[in-house]
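Please read the structure below before turning to the comments.
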Amino acid sequence: MSGYAEPERRSGGDPRRCHYCGIQLVNGSSGDSDRTATKDHVIPISNGGRFSKWVWACKGCNCRKADLPVGTFRARFADWLRSRKGNLP
């Protein structure tokens, strides 16, 4: 992630908004929604990340990010992320 600084989080940030796209999150009991709240490891565990470094993310972002570095995820899915921000409640 050269040249890209991501804030380190231990508490997970705002549990009402996705850290990546900013949409309002819903709890897991709301069904299989793209807006369901999940915990995303900022640096994936498979890439040497730690369980204590996570943020709240919607299921849509978490699934797309998978094991990508944050900068790569934001670049690869820039149009999708912009479309999500345009649909904020």
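Owing to the predicted nature of the structure, the values given are computational and were not obtained by experimental measurement.
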For Cys61 and Asp34, what are the C-alpha separation, side-chain angles and deciding distance, and is it a side chain to side chain contact (heavy atoms under 4.5 Å, CB included)? CA-CA 8 Å; Cys61 284; Asp34 201 39; over 6 Å; no

List the atom of Cys18, the atom of Ala57, and the distance in Å for their closest heavy-atom pair. SG-CA, 3.7 Å

With no hydrogens and no angle check, is any side-chain donor or acceptor of Arg16 less than 3.5 Å from a backbone partner on Leu25? no

Going through the checks in order, is the side chain to side chain contact (heavy atoms under 4.5 Å, CB included) test met by Asn27 and Thr36? CA-CA 6 Å; Asn27 68 30; Thr36 299; over 6 Å; no

Exam field: side chain Asn47 to backbone Asp67, donor-acceptor pair closer than 3.5 Å: yes

Give a yes or no on whether the backbone of Lys39 and the side-chain of Asn62 come within a donor-acceptor separation of less than 3.5 Å. yes

So, for Arg17 and Gln24, which heavy atoms are closest and what is the spacing to 0.1 Å? NH1-N, 3.3 Å

With a 3.5 Å distance limit and no angle check, can you tell me whether Arg64 reaches the backbone of Gly60 through a side-chain donor-acceptor pair? yes

Partners meeting ring-ring contact (aromatic ring centres under 6.0 Å, His included) with Phe73 (sequence neighbours left out): Tyr20, Phe77

Counting C-beta onward and ignoring hydrogens, is there a side-chain heavy-atom pair between Asp40 and Lys65 closer than 4.5 Å? yes

For a 4.5 angstrom cut-off between non-hydrogen side-chain atoms, does Ile43 reach Arg50? no

Once rounded to the nearest 0.5 Å, what's the spacing between atom CH2 of Trp54 and atom CD1 of Ile45? 12.5 Å

Can you name the closest pair of heavy atoms from Arg84 and Cys58 and give their distance? NH2-SG, 3.2 Å

